[in-house]
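Numbering starts at 1 and runs along the sequence shown.
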Amino acid sequence: MGWSIHHVNLEARDVRRTAAFYTDILGMKERPWTFPETRGYLPGDPDKLALLGDGRDSHSGLHLIAPDEDFAEKNDLAFNPSVGGHVAFNVPDLDAVIARLRAAGVRHSVTGEFAIPGLRHVYLEDPEGNLVEVNGG
């Protein structure tokens with residue numbers, strides 16, 4: 001299998017009100033977030049983070065996160081995935097993507113497993129300045 005959309009992350013200043021909109025109005029189901037043992041800085045309070053899972057696994061679907069100005073610095077990232085939203089793609093060979101980013105001189109941040117069990121993450125901006133996450137094992 002090639003790439004797939006893993007999740008869409010939306011900034012939500014009021015996570016509970018926004019989650020209620022997606023569950024009560026659009027009929028989605030909120031699911032519990034499972035944190036990895038190697039958890040990085042990721043506030044997990046229900047008023048800071050919500051998962052509206054699509055049922056494929058424990059983290060795919062819609063993520064709602066309260067903006068956190070310190071998120072990038074606390075995780076040693078060049079970009080802040082809690083501000084402005086982003087789309088996340090899952091790829092079968094994350095190391096190949098990282099190699100292409102390096103070869104092309106594209107600024108990016110690589111994490112270990114810190115937010116989703118079993119996945120490493122790469123954050124970058126596309127040519128239009130949209131934040132993109134690429135994840136894989």
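Residue L131 is grouped with residue F114 when hydrophobic side chains (ILVMFWY) are merged at heavy-atom distances under 4.5 angstrom, including chains of intermediate members. With hydrophobic clusters built from ILVMFWY side chains whose heavy atoms lie under 4.5 angstrom apart, L77 does not share a cluster with L101. Linking ILVMFWY side-chain heavy atoms closer than 4.5 Å, directly or via other members, places V8 and F21 in a single hydrophobic cluster. No single ILVMFWY cluster, assembled from side-chain heavy atoms under 4.5 Å apart, contains both V132 and V83. M28 and L64 end up in the same hydrophobic cluster when Ile, Leu, Val, Met, Phe, Trp and Tyr side chains are linked at under 4.5 Å.
Distance alone, capped at 3.5 Å, is enough to place a donor-acceptor pair between the W33 side chain and the A115 backbone. At distances below 3.5 Å, at least one donor-acceptor pair connects side-chain atoms of N80 with backbone N or O atoms of D68.
Across all non-hydrogen atoms, the minimal contact from R16 to P46 is NH1-O, 2.9 Å. The two residues R56 and G61 have their closest heavy-atom pair at NH2-N, 4.3 Å. Of all non-hydrogen atoms in I65 and P81, the two that sit nearest each other are CG2-O, 4.4 Å. Smallest separation of non-hydrogen atoms from P92 and W3: CD-N, 4.3 Å. Heavy-atom minimum distance, D57 versus H6: OD2-NE2, 4.1 Å.
One distance of note links CG of L119 with CG of N90; it measures 6.0 Å at 0.5 Å rounding. In this structure, CG on L62 lies 12.5 Å from CZ on R31, to the nearest 0.5 angstrom. Atoms CZ and NE2, from F79 and H108 in turn, are 9.5 Å apart once rounded to the nearest 0.5 Å.
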- Task: Would you please test N75 and T111 for side chain to side chain contact (heavy atoms under 4.5 Å, CB included) and show each step?
- Result: CA-CA 8 Å; N75 286 300; T111 75; 5.9 Å; no
- Query: Should R120 and D95 be marked as a salt bridge (charged side-chain N to carboxylate O under 4.0 Å, His left out) after you check the CA-CA gap, both sets of side-chain angles, and the distance that decides it?
  - Reply: CA-CA 10 Å; R120 297 178 296 140; D95 291 324; 3.2 Å; yes
- Message: Working note: L124 + R107, criterion side chain to side chain contact (heavy atoms under 4.5 Å, CB included); need CA distance, chi angles, decisive distance, verdict.
- Response: CA-CA 6 Å; L124 61 131; R107 183 174 173 229; over 6 Å; no
- Message: If you apply the rule side chain to side chain contact (heavy atoms under 4.5 Å, CB included), what do you find for L10 with T18, and how did you get there?
- Response: CA-CA 10 Å; L10 297 179; T18 306; over 6 Å; no
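With contacts defined as side-chain heavy-atom distances shorter than 4.5 Å, the pair H7/H86 qualifies. S82 is not listed as a side-chain neighbour of E11, based on a closest heavy-atom distance of 4.5 Å or more. You'll find the side chain of V122 stays beyond 4.5 Å of the side chain of N135, heavy atoms only. Contact of the F89 side chain with the S4 side chain is not registered, since no non-hydrogen atoms from C-beta on lie closer than 4.5 Å. P36 places none of its side-chain heavy atoms less than 4.5 Å from the side chain of I116. Inter-residue side-chain proximity for V15 and L49 is flagged as unmet; no heavy-atom pair is nearer than 4.5 Å. In this structure, D76 and S109 have side chains that are not in contact, with every pair of non-hydrogen atoms separated by 4.5 Å or more. For the pair P117/H59, a side-chain contact is recorded, criterion being any heavy-atom separation below 4.5 Å from C-beta on.
In this structure, a donor-acceptor pair under 3.5 Å is present between the side chains of T38 and E113. Between Y41 and D70, the side chains place no donor N or O within less than 3.5 Å of an acceptor N or O (distance only, hydrogens not considered).
The aromatic rings of H121 and Y123 sit parallel to each other, their planes meeting at less than 30°, with 60° as the upper class boundary.
For the pair E37 and R39, the salt-bridge criterion is not met [side-chain N within less than 4.0 Å of a carboxylate O]. Salt bridge D54/K29: absent, no basic N to carboxylate O contact under 4.0 Å. A salt bridge is defined here as a Lys NZ or Arg NE, NH1 or NH2 lying under 4.0 Å from an Asp or Glu carboxylate O, and E69 with K74 fails to meet this definition.
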